[in-house]
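Worksheet for the structure shown next.
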Amino acid sequence: MWAASTLVFVLLRLAPGDPYAMRFEGLPLPRATIEARRAQRGLDDPMPVQYARWLGNIVRGELGWSEQHQRPVRDVIADLLPRTALLMGLALVTSLSLGMWLGAWQGTRAGSFGDQVATTSTLVLYSLPEFWLALLLLQLFVQTLGWLPATGMVSAMHEILPFGERVRDRLEHLVLPWLALSLVGVSVFARFQRSSMRDAWREPFVRTARAKGVAERGVRWHAWRTALAPVIALAGLTLPALVGGAVFVERIFAWPGMGNATVSAVNARDYDLVTAAVLLSSAVTVFGSLLADLVQRMVDPRVGS
Amino acid sequence: MSISDRARSLFLASMSVLTLVACGEAERPIAGADPGEPGGTVLIALVGEPRTLLPALMGHEHEQAIVEVVYDRLAEIGPALDVSDVAQFAPRLARRWEWADDSLSIAFTLDTRERWHDGAPLVANDVVRTFALYTHPLVENGTASLLGNIDSVTAPDASTAVFWFKQRAPQQLYDAVHHMFIMPSHLLADVDPAALAAAPIARAPVGTGRFRFVRWTSDGRIELVADTANARGRPPLDRIVYEPVPDVGAAMTKLLAGESDFAANLLPQTMDQVANSATVRALAYPSMRYQLMSFNLRAPGPGARPHPVLGDRAVRRALSMAVNRERIVRAVFDSLGEPAIGPVPRLGLSDTLAITPLPYDVEAARTLLDSADWRVAGPDGVRARDGVRLRVRVMVPSTSENRSRMAVLLQDQWQRVGAELVVQQLEVNTLRERLADGEYDAVTNGWSLSPGLVGLRQVWMTSAIGADNYARYGSDVVDANIDSTLLAFDTETRTRTLHRLVQTIIDDAPAIWLVEDRVLAGMHRRIEPGPPTPLGWWHGLAQWQIAPEQRLDRDRIGLRTAP
């Protein structure tokens, strides 16, 4: 976490521009005003001084001030994070559960017609860039069929709708970005799960279990448990997306989440917001790896020993 | 149920986690919906979320589009946009104004019927505080430089604000009223100017405009409703909702999907889609902006040495004459732009026939280069002189598709006269840093002039080298004529000096003026906007209306707002 956020801190300051270059772009502001503002924010201090100050603030839990949003970074993230977590969380749960189910099913039927159809389908989805899939969904369900809203998290008049309609409105807006992310996610997890399940399915313990008269369902359960390791590792690595968001999908569907905001913040050189986002993402990466290790030990005792 | 409905229901029902979605096609009930007041709801897609709604801090279009209807000026310039014709100005917060005998002060009498949206009366101290904040050195306000001729503002009584000027100028009234939206002193009295952005009023504005602020939601939507107690009467619409979108593509999607009623700054190549829509119509607003390729007349870097290629006037003229701007404009903008004629757009010139742009003449361009001893040196056909190739690197912001396309077309046209153009697509921050350091040969950029043409000082005067004079162009004749133009009281003198300065700049060719492009927008057909003006699509937004028979469900919500 420290290394990643420090690297971002340094790289951002080495990159051309600063928070005021974009913010005041095209405005005939006196140079003195801009310099005064830079001085007020300590941006004219040497980089080590800025770094020490930033580190001190982080230790105290102060994430800084977003020049782009003109609000404390803490407030900006508090707004953005739940939206990204909702979208990415739903997509992750869907991808994981459907992907594991599909992959396990394919692994036990490797080479069958059903497996070949599923493999081809997941390969096609796996090959599709998320943004392309998003545009395709947009074209189909919004512009051609007109079934779903195109952009945003809620409609413009959301607050004035009755409660039930507000729920429906929120869900409708969720469908397309969730679908775009989940379709790709399912194919990724399915391919990993299929491969490991197929290998497990060929292990001697499967034959032994059958020979001992274990029911087919039980055999599949045992094989699946041993085939979980790569999927769990992959899920752990995917966890940071919960806070990092999906840039292209968020942008196409105008979903006001972390991914979109972080890219805008990088362009606007919103130093504090970018470093806070990286810090958060690093924390979840570490947490995701730890969680994956823990879960792997739980499902496969051999890992611990 | 139609096949379409069945398919829809089937699809939605299959979304296992979203089964609630599967419903019919009927329009949604609005809580307690009633016919409401005459009016309607307009949804506007804005590219980018505003940072602030405080006039003294606003800097960009998506902020001004909101501020314009929440706050007011003291007076409004007339439709002819003549800054020196005082008879054209229409009263707003000021009921009338009187000039001092020496013309060095103007006393504005405020309309005592005007109230702030929180009920407080408008007082002269509001004007005093507004001026103080707009011109405070720690307030990042882009218009402060335009208020330079105003020495101070005083309030002899509660309903009179007096503007004191440093010198007589034809646009004193315009300077006093146009650049500032009056802000409430009772909510800003104790605010530290350096911390203005953090003041509550920056996110929850209290103005005198015909719409009052309702909410700014965490996902960026900003809702305004008609101010029914407004001294100038309630506006025809009930409500305006602004929704931020990340880019023009998303704005276009919302517009075509019926989720927005209006989106501006659309790309010319997308206007076909708008025109083909059954519900949306295309609009082209006139503008005072133009796009150009500015040459760097000085050698890259901080010094004042002339540029090895572009420091030569004959070369610049030849490169300008090699450009078929008509073809470029048609290729990129189709009929939605016109070839620019010079440093002042057509709307700023009373007689465009008095201006002679450099002609498109490839043969003459070749001859000019030959006579300047730039000869074709190698098999690639690029000219050179004393070992220096006729090569210009032009910086193009990576975010501007139109400028990239224009640069590529320029590349092709220059090739025909033996000049090489290298397109450098740069991230905006990198581009700006190079501009500040003078490290470039040429840059494609755009300028938007205000009606007073004071922007000429900012872009073309010698004193602006190192700031916005990207051509690093200096001319005593031009400097003198800019001053004469801006300070001339009689129309004839102003026209004469303006034409002289424009022609001098064109003849010196510090840039190639490419296009005067219009602001393209898409609007729902049920909306009747006011007459278009170059001041911005938002100017007159308070007069937009929707005929009762055209109204949709959301137009009939009335003035009700959610808690």
Side-chain angles (χ1 to χ4, degrees), chain A residues 15-18 20-34 36-37 40 68-71 79 83 90 94 138 141-143 145-147 149-157 159-162 165 167-169 171-172 174-175 178-179 250-254 256 260 264 267 269, chain B residues 4 7-8 11-12 15 17-18 20-21 23 28-31 41 43 49 51-52 59-60 137-142 144-146 194 197-198 202 215 217-221 223 241 243-247 249-250 253-254 256-257 259-260 427-430 432-433 458 467-468 554 557 560-562:
Chain A
D18 66 22
Y20 300 105
M22 281 294 279
R23 197 175 136 195
F24 300 143
E25 190 196 4
L27 301 182
L29 274 179
R31 200 174 289 268
T33 301
I34 300 174
R37 185 56 82 190
Q40 191 191 23
Q68 193 190 8
H69 296 266
Q70 291 292 297
R71 296 163 68 202
D79 280 343
R83 299 179 202 140
L90 263 179
T94 312
L138 206 58
F141 292 111
V142 178
Q143 289 179 0
L145 299 170
W147 289 353
T151 56
M153 247 185 91
V154 292
S155 60
M157 305 311 298
E159 284 76 13
I160 216 159
L161 296 169
E165 289 300 317
V167 173
R168 174 183 145 164
D169 183 51
L171 292 176
E172 276 187 348
L174 197 52
V175 173
W178 164 77
L179 206 54
E250 284 187 7
R251 208 163 181 91
I252 288 168
F253 294 111
N260 203 5
S264 299
N267 288 333
R269 301 290 188 267
Chain B
S4 167
R8 178 176 192 259
F11 166 75
L12 295 175
M15 306 288 110
V17 292
L18 299 167
L20 277 172
V21 178
C23 296
R28 295 171 182 187
I30 301 291
T41 296
L43 312 178
E49 185 176 348
R51 292 175 302 108
T52 178
H60 297 289
L138 283 180
V139 174
E140 307 108 346
N141 180 268
S145 61
L146 303 173
R215 68 166 61 81
T217 62
S218 65
D219 62 349
R221 282 170 298 129
E223 182 180 348
V241 181
E243 292 185 280
V245 289
D247 50 39
T253 305
K254 280 183 96 68
L256 294 177
E259 293 170 22
S260 278
E427 188 254 355
V428 176
N429 283 291
T430 309
R432 286 187 63 81
E433 190 161 282
Q458 185 194 332
D468 291 337
R554 63 173 175 257
I557 297 169
R560 198 172 304 103
T561 58

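Labels below follow one simple rule: chain letters A, B, ... track the order of the sequence lines, proteins then strands, and each chain is numbered from 1. In what follows, every heavy atom counts, from backbone to side chain, and hydrogens, waters and symmetry copies are set aside.
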Study note, to complete from the structure: Heaviest contributor of heavy-atom pairs below 4.5 Å to chain B, chosen from A/Ser264, A/Ala150, A/Ala254, is A/Ala150
Review point. Do any N or O atoms from the side chain of B/Glu259 and from the backbone of A/Thr151 form a donor-acceptor pair under 3.5 angstrom?
Key: yes
Point to revise | Point-to-point distance, once rounded to the nearest 0.5 Å, from OG1 of B/Thr52 to NE2 of A/His69 | key: 13.5 Å
Review point. So which of B/Ala194, B/Ala250, B/Ala257, B/Gly220 has the largest heavy-atom pair count under 4.5 angstrom toward chain A?
Key: B/Ala194
Review point. Between CZ of B/Arg554 and OG of A/Ser155, what distance do you get to the nearest 0.5 Å?
Key: 9.5 Å
**Study point:** Options B/Val241, B/Leu256, B/Asp219, ranked by heavy-atom pairs under 4.5 Å with chain A, top entry
**Key:** B/Asp219
Review point. Between B/Glu433, B/Arg221, B/Glu243, which shows the greatest number of heavy-atom pairs under 4.5 Å with chain A?
Key: B/Arg221
Check your understanding: Non-hydrogen atoms of chain A under 4.5 Å away: do they reach the side chain of B/Ser260, the backbone, both or neither?
Key -> neither
Check your understanding: What part of B/Leu138 gets closer than 4.5 Å to chain A, counting heavy atoms only: side chain, backbone, both or neither?
Key -> both
**Study point:** Inter-residue atom distance B/Glu223.CD - A/Ile160.CD1, 0.5 Å rounding
**Key:** 6.5 Å
Review point. Quick one: do B/Glu427 and A/Arg269 make a salt bridge, cutoff under 4.0 Å?
Key: yes
Point to revise | Ion pair check, A/Arg251 and B/Asp247, cut-off under 4.0 Å | key: yes
Point to revise | Engaged part of A/Pro256 at the chain B interface, taking heavy atoms whose separation is under 4.5 Å | key: side chain
Practice item. Go through the structure and list residues passing side chain to side chain donor-acceptor pair (under 3.5 Å) with A/Asp79, not counting sequence neighbours. Key: A/Arg71
Check your understanding: Would a distance-only check, ignoring hydrogens and angles, find a side-chain to backbone donor-acceptor pair under 3.5 Å from B/Arg51 to A/Gln70?
Key -> no
Exercise for review: Side-chain contact test, heavy atoms from C-beta onward, threshold under 4.5 Å: evaluate it for B/Val428 versus A/Asn267 and give yes or no.
Suggested key: no
Review point. Considering residues at least two apart in sequence or located in another chain, which fulfil the side chain to side chain donor-acceptor pair (under 3.5 Å) criterion with A/Gln143?
Key: none
Review point. CD1 of B/Ile557 to CE of A/Met157: how many Å apart, nearest 0.5 Å?
Key: 3.5 Å
Review point. Is any side-chain heavy atom of A/Pro149 less than 4.5 Å from a side-chain heavy atom of B/Lys254?
Key: no
Exercise for review: For B/Asn429 and A/Ala15, indicate whether the former's side chain and the latter's backbone hold a donor-acceptor pair under 3.5 Å.
Suggested key: no
